[in-house]
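A quick note: this is a predicted structure, and the numbers were derived from the prediction, not measured.
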Amino acid sequence: GVQDLWRELYPELAGITFDPLHNTMADVTSNSKSRQRYDRLFVLTPNQNVMATRKDKISHQSVWHPAQCCMIGTRRIEGTDLFASDHYG
């Protein structure tokens with residue numbers, strides 16, 4: 001199936017990537033000033049119950065086990081009031 005990596009690792013955190021309340025670049029591009037989670041990272045994981053078989057051979061698909069991820073671009077550029085983008089990555 002498809003996993004939302006942020007939700008998988010940090011279910012208690014909203015993962016806001018567009019934040020006009022804290023990001024000056026987002027503030028100037030937003031009419032609503034609404035904080036959103038626009039940017040996502042998805043991982044396609046194989047169904048663990050499915051195995052490909054060919055005659056008497058069985059091949060197992062590798063399974064991803066996410067360990068961590070982080071948000072970048074959440075701080076102002078040093079010496080300015082600007083961020084690198086209106087979205088965090």
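Residues D19 and R37 are not paired through a salt bridge, judged by the lack of any N-O separation under 4.0 Å between the basic side chain and the carboxylate.
Under a 3.5 Å cut-off, the side chain of T29 and the backbone N or O of A26 do form a donor-acceptor pair. Judged purely by atom type and a 3.5 angstrom limit, K33 has no side-chain atom pairing as donor or acceptor with the backbone of L21.
No side-chain heavy atom of V43 sits under 4.5 Å from any side-chain heavy atom of P66. Between Q3 and F42, every side-chain heavy-atom pair lies at or beyond the 4.5 Å cut-off.
In this structure, the separation between CZ on F83 and OG1 on T74 is 7.5 Å, given to the nearest 0.5 Å. Distance CG/L13 to CZ/R7: 9.0 Å, rounded to 0.5 Å. To the nearest 0.5 Å, the span separating NE2 on H22 from OH on Y88 amounts to 7.5 Å. Of the inter-residue distances, the one linking C69 atom SG with E8 atom CD reads 10.5 Å to the nearest 0.5 angstrom. Within the model, atoms CG of N23 and CZ of R35 stand 11.0 Å from one another, a figure rounded to the nearest 0.5 Å.
For the ring pair (Phe, Tyr, Trp, His ring centres under 6.0 Å) test, residues two or more places apart in sequence or in another chain that qualify with Y10 are W6.
Across every non-hydrogen atom of T24 and R76, the tightest pair is CG2-NH2, 4.4 Å. Scanning both residues, D86 and F18, for their nearest heavy atoms gives O-CD1, 3.3 Å.
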Applying side-chain contact (heavy atoms from CB on, under 4.5 Å) to T17 and Q36, what does each step give before you reach the verdict? CA-CA 6 Å; T17 61; Q36 301 290 325; over 6 Å; no
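More than 12 heavy-atom neighbours from other residues, nucleotides or ligands sit within 6.0 angstrom of CD on E12.
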